[in-house]
Amino acid sequence: MFGLEALDLARIQFAFTISFHIIFPAITIGLASYLAVLEGLWLKTGQTVYRDLYHFWVKIFAVNFGMGVVSGLVMAYQFGTNWSAFSDFAGSVTGPLLAYEVLTAFFLEAGFLGVMLFGWNRVGPGLHFFSTVMVAVGTLISTFWILASNSWMQTPQGFEIVDGRVIPVDWFAVVFNPSFPYRLAHMATAAFLATAFFVGASAAWHLLRGRDTPAMRKMFSMALWMALLVAPIQAVIGDFHGLNTLKHQPAKIAAIEGHWDNSSGEPTPLILFGWPDMEREETRFKVEVPYLGSLILTHSLDKQVPALKEFAKEDRPNSTIVFWSFRVMVAMGLLMILAGVWSLWLRWRGSLYRSRPFLYFCLWMGPSGLIAILAGWFTTEIGRQPWVVYGLMRTADGVSAHSAAQLGLTLVLFVVVYFAVFGAGFGYLMRLVRKGPVTGEGDHQHEGGPGTQHTPARPLSAAKEGTDDSDHGSEHAEGRA
């Protein structure tokens, strides 16, 4: 298929499925915690705006959660179908870690999800809030185990190799391997930021269309406080993550920096832009800042960063890709920090909800968190190459013995089915977002609370509700137009 070998097609297929999948858990992690905060604030303050926002976002959460589960199952099966040699080699580590995720996180989420979605008028306020918190905790536990498994593949520890297979000898070292704390913090924070900008963009869309309600203002305000406070923290976490990667995966850092040669003995510059050429072994058209690479990566002005020529050609990651994927991630992060600072200035001026340039900026920043996550994962996974388990097993040795024709056919089927199924799901999510929270005096659907009569929060009922809400009929018509 297009001159690609079976190994290339297997990698592309896994990259395609995981790229689709990671979007849904990222939003699920952030929305679950956001919902817990909203319900907690409503119970504490009694302000109906928090209740209205809860009922709005819980529907989006439910649909997103379902798509995340389905896409995750497909990805898990590929370990056995396309990467059977890897599963045979490292399954004694990765298998139990994924099983722990099911036994802890998934069972916890499944046990309380029904109460969270359908128990609003069936259980008391304390139990309902507890269920929402447990679902949020479950998403974070899931993140813990998934990142433990992936981090072990990046920095394997706590094992022995017996008869060509990995045998765990220290589970604490396996789980808390050297890169795990940094990856866990980086991913969890990225999920919160991605959700914040998704929520903020939703509010900006409605504010730009004149729906300036307390719910929209609260939604917009909360999202931008998250950006202001958390985006700079993410930058600090990223710095620590980079230092850890420099220590354990120096070839990845060299590829990210597009840095080839240390023969001059001078400190490493930071290459802002350029085109790393793997054949010519140089970064062409580069724009660089002297000393800055050493300052950022070694926190000194005289130490050098490892260069790609220090590694054998067969051990070098593809610098052309990770050089740019890393810069896309950083660019999104800088824009998030800008959004937070800009919002603070507008708050001080009293025009946060009226500045149309800023509202449009936030609208366009809606997918920025997801773009940053995808770019970060491309950097992490492609930068690990040519290893599937760093330093232990090469990716070429982990693939199943399938033909290029077989993998090409299944890849085409995956693309068609994924765009059809998840495209429809994404379209439905956007329909929910365009509908917006149901607010206003006298709305019988939001009377009472947990333990009192109330229509259950059914995610698939949103479309019908939208056609019956006469108070916002003009807004729905504008959204459909």
Side-chain angles (χ1 to χ4, degrees), residues 8 10-30 64 67-68 71-72 74-76 78-79 82-83 86 94 97-98 101 139-140 142-155 177 179-195 197-198 231 234-235 237-242 244-245 248-249 251-253 255-256 317-333 336 367-390 395 398 414 418 422:
D8 301 318
R11 290 180 62 192
I12 292 171
Q13 187 176 122
F14 194 81
F16 176 78
T17 54
I18 197 173
S19 295
F20 256 95
H21 172 67
I22 194 62
I23 292 173
F24 303 118
I27 297 299
T28 297
I29 293 165
N64 192 81
M67 290 194 290
S71 60
V74 174
M75 187 182 65
Q78 288 188 5
F79 287 118
N82 292 358
W83 301 98
F86 159 74
T94 58
L97 291 178
L98 296 178
E101 187 230 350
T139 63
L140 294 174
S142 179
T143 307
F144 178 94
W145 290 115
I146 295 297
L147 267 294
S149 177
N150 180 265
S151 297
W152 183 86
M153 293 166 64
Q154 303 278 348
T155 52
N177 56 80
S179 65
F180 170 69
Y182 305 97
R183 296 180 189 280
L184 177 63
H186 202 49
M187 180 61 205
T189 307
F192 291 141
L193 282 172
T195 304
F197 279 92
F198 177 45
Q234 178 72 314
I237 295 172
D239 179 63
F240 282 110
H241 187 9
N244 178 265
T245 305
H248 296 281
Q249 296 176 303
K252 179 187 290 187
I253 291 295
I256 288 172
N318 190 319
S319 180
T320 309
I321 297 176
V322 298
F323 179 89
W324 280 106
S325 61
F326 178 79
R327 279 152 181 76
V328 169
M329 179 185 68
V330 171
M332 294 298 102
M336 291 176 188
S368 62
L370 298 176
I371 293 172
I373 287 174
L374 288 173
W377 273 103
F378 290 160
T379 302
T380 294
E381 298 305 304
I382 297 174
R384 185 183 61 199
Q385 301 305 315
W387 306 99
V388 65
V389 181
Y390 197 79
T395 306
F414 269 121
Y418 266 53
F422 295 112

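- Under the 4.5 Å side-chain criterion, counting only non-hydrogen atoms from C-beta, F240 is not in contact with H186.
- Proximity of F192 to I29: side-chain heavy atoms (C-beta onward) are separated by under 4.5 Å at one or more points.
- For T155, the side-chain hydrogen bond (donor to acceptor under 3.5 Å, both in side chains) test picks out N177, S179, with sequence neighbours left out.
- Q249 is not listed as a side-chain neighbour of W387, based on a closest heavy-atom distance of 4.5 Å or more.
- Under the side-chain hydrogen bond (donor to acceptor under 3.5 Å, both in side chains) criterion, D239 pairs with H299, sequence neighbours left out.
- With ring centers used as reference points, F79 lies under 6.0 Å from F14.
- At a threshold of 4.5 Å between non-hydrogen side-chain atoms, the residues W83 and R11 count as touching.
- Note that the NE2 atom of H248 and the CD1 atom of I253 stand 11.5 Å from one another [nearest 0.5 Å].
- Note that the CD1 atom of I18 and the CH2 atom of W377 stand 6.0 Å from one another [nearest 0.5 Å].
- The CH2 atom of W324 sits 11.5 Å away from the OG atom of S319 when rounded to the nearest 0.5 Å.
- Nearest heavy atoms, F86 versus M153: CZ-CE, 3.8 Å.
- Residues satisfying the side chain to side chain contact (heavy atoms under 4.5 Å, CB included) criterion with T195, sequence neighbours excluded, are I27, L31, V199.
- Here the shortest heavy-atom pairing between M332 and A372 reads CB-CB, 3.8 Å.
- Put simply, CG on L147 and CZ on R183 are 8.5 Å apart, with the number rounded to the nearest 0.5 Å.
- With sequence neighbours excluded, the residues forming a side chain to side chain contact (heavy atoms under 4.5 Å, CB included) with A375 are V328, M329, listed by chain and number.
- Q78 is listed as a side-chain neighbour of F414, based on a closest heavy-atom distance under 4.5 Å.
- The side-chain heavy atoms of I382 and K252, taken from C-beta on, include no pair separated by under 4.5 Å.
- To the nearest 0.5 Å, atoms CH2 (W145) and CG (N150) are separated by 15.0 Å.
- Between the side chain of R327 and the backbone N or O of I256 there is at least one donor-acceptor pair closer than 3.5 Å.
- Residues that satisfy the ring pair (Phe, Tyr, Trp, His ring centres under 6.0 Å) test with F16, not counting sequence neighbours, are F20, Y418.
- F323 is linked by a ring pair (Phe, Tyr, Trp, His ring centres under 6.0 Å) to nothing, counting only residues two or more places apart in sequence or in another chain.
- Residues L98 and I146 have side chains in contact (heavy-atom distance under 4.5 Å, counting atoms from C-beta outward).
- The side chain to side chain donor-acceptor pair (under 3.5 Å) pairs that include a residue from residues 20-30 are H21-S71, T28-N64, where partners are two or more places apart or lie in different chains.
- Judged purely by distance below 3.5 Å, without hydrogens or angles, the side chains of Q385 and T395 pair a donor atom with an acceptor atom.
- Between F422 and F24, the ring planes lie tilted relative to each other; the angle falls in the 30° to 60° range.
- Shown here are the side-chain hydrogen bond (donor to acceptor under 3.5 Å, both in side chains) partners of T94, two or more places apart in sequence or in another chain: there are none.
- A search for side chain to side chain contact (heavy atoms under 4.5 Å, CB included) contacts involving P181 returns nothing, not counting sequence neighbours.
- Applying the salt bridge (Lys or Arg N to Asp or Glu O under 4.0 Å) test to every pair with at least one member in residues 20-30, sequence neighbours left out, gives no pairs at all.
- Residues S142 and E101 approach most closely at OG-OE2, 2.5 Å, considering heavy atoms.
- G383 approaches P317 most closely through the heavy-atom pair O-CG, 3.3 Å.
- Contact annotation: the side chain of V322 never approaches that of F378 to less than 4.5 Å [non-hydrogen atoms, C-beta and beyond].
- By the side-chain hydrogen bond (donor to acceptor under 3.5 Å, both in side chains) test, T379 is found to be paired with S325, residues two or more places apart in sequence or in another chain being considered.
- Legend: residues meeting salt bridge (charged side-chain N to carboxylate O under 4.0 Å, His left out) with R384, ordered by chain and number and at least two apart, are E381.
- In plain terms, the two heavy atoms of G369 and M336 that are nearest each other are CA-CE, 3.3 Å.
- Atom CD1 of I371 and atom CD1 of I23 lie 9.5 Å apart (nearest 0.5 Å).
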